[in-house]
Amino acid sequence: MHIQDSHWSSASAVAAGTVSAVAESGRGEAARTTPLRVDAQRNLEHVLRAAREVFGELGYGAPMEDVARRARVGVGTVYRRFPSKDVLVRRIAEEETSRLTEQARAALGQEDEPWSALSRFLRTSVASGAGRLLPPHVLRVGVAEEGTEGSDAGSADGARVPQQRSESATELRLVEQRPAPEPDDAGAATLLEVVGQLVERARAAGELRPDVTVSDVLLVIATAAPSLPDAAQQAAASARLLDILLEGLRSRPV
């Protein structure tokens, strides 16, 4: 399992400005206003698929050369579509965040039973491999949103020291200095909101442990998506691990 963090800090710091510059200059895939040629579109799809595979296996710190090699294109082709690695990382992470949000919405809309909705979301998300590309930024926002009660709300520069609940005698504190969420956190905020609805419904129905948070649910998705060389073994391991984790999440009569 990879909780992607090795490259994300630099990407989140500069990606918004990079994307803006790309849009203004007309460079890069995001700025195109005319359809791509068939071969160019095919190369773009190969690059995106390769990036998901490489980042899923090695983390967001994997070099662009690895992405190009997996896509079977020159590294210059990758850079023509994505003028910096930060832009590519941002693209993949945003797509995965959006995919998780849609999976959560589908579970809310298609399952009447609260526990069935939550477990369906978890099973769908883990089976899709989304956990291997879940941005650590999403996990951080989740912790910050849920851990502010009883903690220092921030300082002049917006830094927070959120707390994470623990059932042990000694309270576990997750200390993390980070600025308050920026406007480009909209995708993460939407994901947290929709998953929060699943959590609240299951908790209100008495089927979810009262101490389980949205961050816990997202951590389950990241944890239950191991990267194994054999696809069948990976699917079996994910299913087995998720069954165990779901049992841990479920409320039990006293």
Chemist: Among residues two or more places apart or on two chains, list those pairs meeting salt bridge (Lys or Arg N to Asp or Glu O under 4.0 Å) that have a residue in residues 67-76.
Modeler: Glu53-Arg70, Glu57-Arg70, Asp66-Arg69

Chemist: Charged N to carboxylate O below 4.0 Å: is that the case for Arg201 and Glu207?
Modeler: no

Chemist: Quick check: does any side chain N or O of Tyr60 sit under 3.5 Å from a backbone N or O of Leu133, one acting as donor and the other as acceptor?
Modeler: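 Confirmed, Tyr60 side chain pairs with Leu133 backbone.
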
Chemist: Only one of Arg42, Arg49, Gln41 clears side chain to side chain donor-acceptor pair (under 3.5 Å) with Glu45; which?
Modeler: Gln41

Chemist: Just how far is it from atom NE2 of His46 to atom CG of Asn43, taken to the nearest 0.5 Å?
Modeler: 7.0 Å

Chemist: Report the residues that fulfil side chain to side chain donor-acceptor pair (under 3.5 Å) with Thr101, sequence neighbours left out, ordered by chain and then residue number.
Modeler: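 Partners of Thr101 under the side chain to side chain donor-acceptor pair (under 3.5 Å) test: none.
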
Chemist: Without swapping roles, check the side chain of Lys85 against the backbone of Tyr79 for a donor-acceptor pair under 3.5 Å.
Modeler: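 Checking the backbone N and O of Tyr79 against the side chain of Lys85, no donor-acceptor pair under 3.5 Å is found.
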
Chemist: How about Glu65: does its CD atom have over 12 heavy atoms from other parts shown lying under 6.0 Å from it?
Modeler: yes

Chemist: What pairs of donor and acceptor atoms, side-chain ones from residues 186-199 against any protein atom, are under 3.5 angstrom apart with sequence neighbours left out?
Modeler:
| unit_1 | atom_1 | unit_2 | atom_2 | d |
| --- | --- | --- | --- | --- |
| Thr190 | OG1 | Ala186 | O | 2.9 |

Chemist: Can you tell me how far apart CH2 (Trp115) and CZ (Arg250) are? Round to the nearest 0.5 Å.
Modeler: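 Rounded to the nearest 0.5 Å, the CH2-CZ separation comes to 5.5 Å.
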
Chemist: Show the numbers, then the answer: is there a side chain to side chain contact (heavy atoms under 4.5 Å, CB included) between Val220 and Leu246?
Modeler: CA-CA 9 Å; Val220 165; Leu246 282 170; over 6 Å; no

Chemist: Could you list the residues that satisfy side chain to side chain donor-acceptor pair (under 3.5 Å) with Gln233, not counting sequence neighbours?
Modeler: none

Chemist: To the closest 0.5 Å, what do you measure between CG (Leu134) and OG1 (Thr97)?
Modeler: 6.5 Å

Chemist: Before accepting this row, confirm whether a basic side-chain N of the pair Arg203/Glu200 lies closer than 4.0 Å to the acidic partner's carboxylate O.
Modeler: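 Salt bridge: yes.
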
Chemist: Does the side chain of Arg81 reach to within under 4.5 Å of the side chain of Val47, using non-hydrogen atoms?
Modeler: no

Chemist: Would you compute the distance between atom CG of Leu249 and atom CD1 of Ile244 and round it to the nearest 0.5 angstrom?
Modeler: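 Taking CG in Leu249 and CD1 in Ile244, the distance rounds to 12.5 Å.
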
Chemist: Stepwise, does the side chain to side chain contact (heavy atoms under 4.5 Å, CB included) test hold for Phe121 with Val217?
Modeler: CA-CA 10 Å; Phe121 166 63; Val217 171; 4.1 Å; yes

Chemist: Kindly state each residue pair satisfying salt bridge (Lys or Arg N to Asp or Glu O under 4.0 Å) with at least one member in residues 117-128, sequence neighbours excluded.
Modeler: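 Found Glu111-Arg120, Arg123-Asp243.
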
Chemist: Answer whether the closest heavy-atom distance between the side chains of Phe82 and Val89 falls below 4.5 Å.
Modeler: no

Chemist: Yes or no on side chain to side chain contact (heavy atoms under 4.5 Å, CB included) for Met64 and Leu88, after CA distance, side-chain angles and deciding distance?
Modeler: CA-CA 9 Å; Met64 292 281 263; Leu88 177 58; 3.6 Å; yes

Chemist: What residues, two or more places apart in sequence or in another chain, satisfy salt bridge (Lys or Arg N to Asp or Glu O under 4.0 Å) together with Arg105?
Modeler: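 Here the qualifying residues are Glu102.
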
Chemist: Among side-chain atoms of Gln103 and Ser125, is any donor-acceptor pair under 3.5 angstrom?
Modeler: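 Side chains of Gln103 and Ser125: pair found under 3.5 Å.
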
Chemist: Would you say the side-chain atoms of Arg52 pair up with the backbone N or O of Ile92, donor to acceptor, closer than 3.5 Å?
Modeler: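 Side chain of Arg52 to backbone of Ile92: no pair is present.
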
Chemist: Quick check: closest heavy atoms across Ala224 and Ser238, and the distance to 0.1 Å?
Modeler: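 So the minimum-distance heavy-atom pair works out to O-OG, 3.2 Å.
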
Chemist: Taking all heavy atoms of Pro114 and all of Ala205, pick out the closest pair and write down the distance.
Modeler: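 That would be CG-CB, 3.8 Å.
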
Chemist: Are Ser251 and Leu208 close enough, and set up right, to give a side chain to side chain contact (heavy atoms under 4.5 Å, CB included), and what steps lead you there?
Modeler: CA-CA 5 Å; Ser251 178; Leu208 183 69; 5.7 Å; no

Chemist: Considering only heavy atoms from C-beta outward, does the side chain of Leu245 approach that of Leu122 to under 4.5 Å?
Modeler: no

Chemist: Using a strict 4.0 Å threshold on nitrogen-to-oxygen distance, state whether Arg90 and Glu94 make a salt bridge.
Modeler: yes

